[in-house]
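Worksheet for the structure shown next.
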Amino acid sequence: MRQPASEAFVAPCDPVRSRRAPGPFDPGAETAYREWRAAKLRDHPPCVSGLTVPVADPRALTPVEHAALADRCRRANMAVYVSPIVAAEKAIPPALARQFGLTRLDGNWLADDDGISSVTVTGKGGRADYIPYTNRPIRWHTDGYYNPPARRIWAFVLHCVSSAAAGGENALLDHEIAYLLMRDADPRLVDALMQPDAMTIPARTDDDGTARPAETGPVFFVHPVTGALHMRYTARTRSIEWKDDPPVRAAVSFLERLLASPSPYIHRLTLQPGMGLLCNNVLHNRAGFPDDPARPRLLYRARYYDRIGRGGA
Ligand SMILES: [Fe+2]
């Protein structure tokens, strides 16, 4: 088994400051929250086409393409690129990511030697035991929710080489919108999910197969440098322990209802060859799909210990 990460990849400080963060995500900062909220709702793209940017070569973006992708990431924490490159080119995700300041790659043990995961239906290397490597649906989650604070996944790139004959759709929700809707409903709910012991993933239960100790932490927390909001979440119902606390239970129920309901903020798309998603680890799920062994669905996934900044780099 490969070691999960070298020291060089470890984040410089513990990002879990949760309740102490100043700014709009501080439960007491009502004015800052109102200003942030107004801007968020004004700027958020109304549909998936508003997230999408055609690019000639994601490995070498033009300044205009880069600015357009950075703009979507600033407004929605995610952007979708559409490129004409349909060859299985594994250099695309890291080359694209580098242009947005993402360099510290997470290498879970199911990733390939270069740290990029080939997400495809396979029985090789123990992957068949883990849902991403099957054709089954994947519930709502953020990537690496089972990781310790030093290995937070702040951003990832998902690049499509080949799509399934049918299905495999992703639903996407900006976690800042999830926070906003929850705080609007009842500020005590977001407060509950910022508690440092809100959610525990028991030992040895993650979707990437790495044996780990139990991991306890908040659901919502802020980046230690930028103050940006992030989220650690899984909709799994087994192998997860929520804090036995009425506000936490109410907040989890709220999230479940939100994610199960039609919403103009939930964007749905099926990645096609040459397309990809660049994001600050937004909430996402995946529909199941019939796989064609002659041309299996294949996506390259690169996860990072860096976040896409407001300027895009
Ligand atoms: Fe994921």
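Keep in mind that this is a model prediction, so the values were computed, not measured. All ligand and atom numbering here is 1-based and tracks the order in the structure.
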Task: Cationic tip of Arg152 above Phe221 ring, under 6.0 Å, 45° of axis - done: yes

Open item on the list: Any donor-acceptor pair under 3.5 Å linking the side-chain atoms of His159 with those of Tyr81?
Closed with: yes

TODO: Show your working on side-chain contact (heavy atoms from CB on, under 4.5 Å) between Met199 and Ile240 and close with a plain yes or no.
DONE: CA-CA 7 Å; Met199 181 175 92; Ile240 181 168; 3.7 Å; yes

Task: Residue and atom names of protein N/O/S atoms that fall under 2.8 Å from the Fe ion (ligand 1) - done: His141 NE2, Asp143 OD1, His284 NE2

Open item on the list: If I take atom CG from residue Asp174 and atom SG from residue Cys279, how far apart are they, to the nearest 0.5 angstrom?
Closed with: 9.5 Å

Task: Check: Ser117 side chain, Val119 main-chain N or O, donor-acceptor pair, under 3.5 Å - done: no

- [ ] Can you run down the side-chain hydrogen bond (donor to acceptor under 3.5 Å, both in side chains) pairs that involve residues 249-259, sequence neighbours left out, and say none if there aren't any?
- [x] Asp244-Arg249

